[in-house]
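Before any comments, here is the structure.
Only heavy atoms go into these numbers, but all of them, side chains included; no hydrogens, no water, no symmetry mates.
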Amino acid sequence: MNDLLGYQGKTCVVTGAASGMGKATCELLIELGAEVYALDRNIVELPGSKAFLTCDLSNKQSIDEAFTAIPSHIDCFFGVAGLSGAKTDYWTTFTVNFIANKYITDTHLDKRMAAGGAIVYVTSTGGLMWEKWKREYVKIMDCATWDEMVAFMKRVSPRNGVGIMAYTLSKRAMNYYTTLKAVEYGSRGIRVNAVLPGSTDTGMKAEFEKMAGGADKLLKENGAIGRLATSREMADPIVYLGSDMASFVSGLMFIADMGHNGEKVLGLAKNQLDVPAALPLYNTKFFQKILAKQVS
């Protein structure tokens, strides 16, 4: 059979490799003959991978150390790692979900990818409405370094903010950033896309159930199918977008939610995302208590 996806021998880097979508992505890439460099702060066995590298995405030094062990040329990058914010503070959540991806791309990938390269970020359907609310996060795009981004967030973020609000903000920022880089890298022949998963059965399922208001409500975020997606069902579109079969696809927000967003567009389901994520009102003790109770 022809190597239609074109991964044979390619250097692929995957974050969030220890579990869920990240692990499923690594396993599929290995099966397709890629040379996989798997990054996560938790150690996992991935038979057939080129290397597993311990990496804490909330720490710039840890990221830099991991990338010193990766070849100078990178064909594909898959930014799968993410935090729900249910168990992490505001700044850590935003740092892992957005700052780390922007830093890796601007600092490491920019110099090590060439024409034919592909970047796929895993964002979220929770980051929809990003076009409407870009005023809440767009200024961080002008920050050139890790330290500038951290300093900016500490100026504009609540000191004791609840992580789930940073989740929404960070995913919107990532959707914007994906589009920005797709346009910027287009002239270099490097493609940039994002997969926006619906509700998926991963290690963070319990956290998302609480955030949704219960298991039954989380199920409804996948349209009428009545079940959660599997990690492999998300790895498939992630791997497709990085492949040769998607050679003319860039800047795509690939929504994988079994039609739930379509239900919203048709008015068959309520759109609860059309709200700001960074209102100063959310910083008050009253709102923080309500948000904290939602995920406790």
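With rounding to the nearest 0.5 Å, the separation of SG in Cys76 from CE in Met113 is 6.0 Å. Interatomic distance, SG of Cys55 versus CD1 of Ile70, reported as 8.0 Å (0.5 Å rounding). Distance check: Ile164 CD1 to Ser84 OG gives 8.5 Å after rounding to the nearest 0.5 Å. If you take CG on Asp274 and NZ on Lys264, they are separated by 10.5 Å, rounding to the nearest 0.5 Å. Considering CG of Asp257 and CD1 of Ile225, their distance stands at 11.0 Å, rounded to 0.5 Å. For the atom pair CG of Leu266 and CG of Asn261, the computed distance is 9.5 Å after rounding to the nearest 0.5 Å.
Leu196 and Val265 are members of different hydrophobic clusters when ILVMFWY side chains are connected at heavy-atom separations under 4.5 Å. Under a hydrophobic-cluster definition in which Ile, Leu, Val, Met, Phe, Trp and Tyr are linked whenever side-chain heavy atoms come within less than 4.5 Å, directly or via other members, Val183 and Met141 are assigned to different clusters.
In summary, of the residues considered (Thr25, Leu29, Val14, Asn193), a side-chain contact (heavy atoms from CB on, under 4.5 Å) with Ile238 occurs for Thr25 alone. Residue Tyr121 forms a side-chain hydrogen bond (donor to acceptor under 3.5 Å, both in side chains) with just one option from Asn175, Thr178, Thr105, and that option is Thr105. Screening Leu83, Leu57, Thr92 for a side-chain contact (heavy atoms from CB on, under 4.5 Å) with Asn97, the sole residue that qualifies is Leu83. With Tyr103 as the partner, the side-chain hydrogen bond (donor to acceptor under 3.5 Å, both in side chains) test is satisfied by one option alone out of Asp64, Thr145, Thr95: Asp64.
The environment of NZ in Lys50 is sparse: at most 12 heavy-atom neighbours from other residues, nucleotides or ligands sit within 6.0 Å. Other residues, nucleotides and ligands contribute over 12 non-hydrogen atoms within 6.0 Å of the CD atom of Glu131.
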*Pair Tyr185-Ser250, side chain to side chain contact (heavy atoms under 4.5 Å, CB included): steps then yes or no*: CA-CA 9 Å; Tyr185 283 174; Ser250 194; over 6 Å; no

*Test side chain to side chain contact (heavy atoms under 4.5 Å, CB included) applied to His73 and Thr11, step by step*: CA-CA 7 Å; His73 176 75; Thr11 297; 5.6 Å; no

*For Thr125 and His260, what are the C-alpha separation, side-chain angles and deciding distance, and is it a side chain to side chain contact (heavy atoms under 4.5 Å, CB included)?*
CA-CA 10 Å; Thr125 51; His260 183 52; over 6 Å; no

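Here the closest non-hydrogen pair linking Ile119 and Leu109 is CD1-CD1, 3.9 Å. The two residues Lys171 and Thr123 make their nearest non-hydrogen contact at NZ-O, 3.5 Å. Taking every heavy atom of both residues into account, Ile63 and Ala100 meet most closely at CD1-CB, 4.0 Å. Residues Gly242 and Val120 come closest through the heavy atom pair N-CG2, 3.7 Å. In terms of heavy atoms, Met149 sits closest to Cys143 at CG-CB, 3.5 Å. Taking both residues in full, the closest heavy atoms of Thr230 and Arg227 are given as N-NH1, 4.3 Å, listed atom of the first, atom of the second, then distance.
Within the 4.5 Å cutoff, the side chain of Trp146 has no heavy atoms near those of the Glu148 side chain. Contact of the Val195 side chain with the Met21 side chain is not registered, since no non-hydrogen atoms from C-beta on lie closer than 4.5 Å. Counting heavy atoms from C-beta outward, Leu53 and Glu65 have side chains that stay 4.5 Å or more apart. When side chains are defined from C-beta on, Pro197 counts as touching Val122, because their heavy atoms get closer than 4.5 Å. Between Val249 and Phe254 the shortest side-chain heavy-atom distance does not fall below 4.5 Å. Counting heavy atoms from C-beta outward, Tyr7 and Leu28 have side chains that stay 4.5 Å or more apart. Considering only heavy atoms from C-beta on, Val156 stays 4.5 Å or farther from Lys139 through its side chain. Using a 4.5 Å heavy-atom cutoff, the side chains of Pro276 and Glu136 are in contact.
Phe77 and Phe67 have tilted rings, their planes meeting at an angle from 30° to 60° on a 0 to 90° scale. Between Trp130 and Tyr176, the two ring planes are perpendicular [angle over 60°; tilted spans 30° to 60°].
Salt-bridge formation is detected for the pair Lys10/Asp244: a Lys NZ or Arg NE/NH1/NH2 atom is positioned less than 4.0 Å from an Asp or Glu carboxylate oxygen. Classification of Asp110 and Lys181 as a salt-bridged pair fails, no side-chain N sitting under 4.0 Å from a carboxylate O.
Donor-acceptor pairing under 3.5 Å is recorded for the side chains of Asp106 and Tyr177. Of the N and O atoms on the side chains of Thr93 and Thr88, at least one donor lies less than 3.5 Å from an acceptor on the other residue.
The closest donor-acceptor contact from the side chain of Thr107 to the backbone of Ile104 lies at 3.5 Å or more, if one exists at all. A donor-acceptor pair is defined here as one N or O able to donate and one able to accept, closer than 3.5 Å; no such pair exists between the side chain of Arg188 and the backbone of Gly117. Thr179 places no side-chain N or O within 3.5 Å of a backbone atom of Gly251 that could act as its donor or acceptor partner. In this structure, Arg112 contributes its side chain and Pro71 its backbone to a donor-acceptor pair below 3.5 Å.
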Mind listing the side-chain donor-acceptor pairs of residues 37-44 below 3.5 Å, one per line with the distance, residues two or more places apart or on another chain?
| residue | atom | partner | partner atom | Å |
| --- | --- | --- | --- | --- |
| Asp40 | OD1 | Asn42 | N | 2.9 |
| Asp40 | OD2 | Ala17 | N | 3.1 |
| Asp40 | OD2 | Ala18 | N | 3.0 |

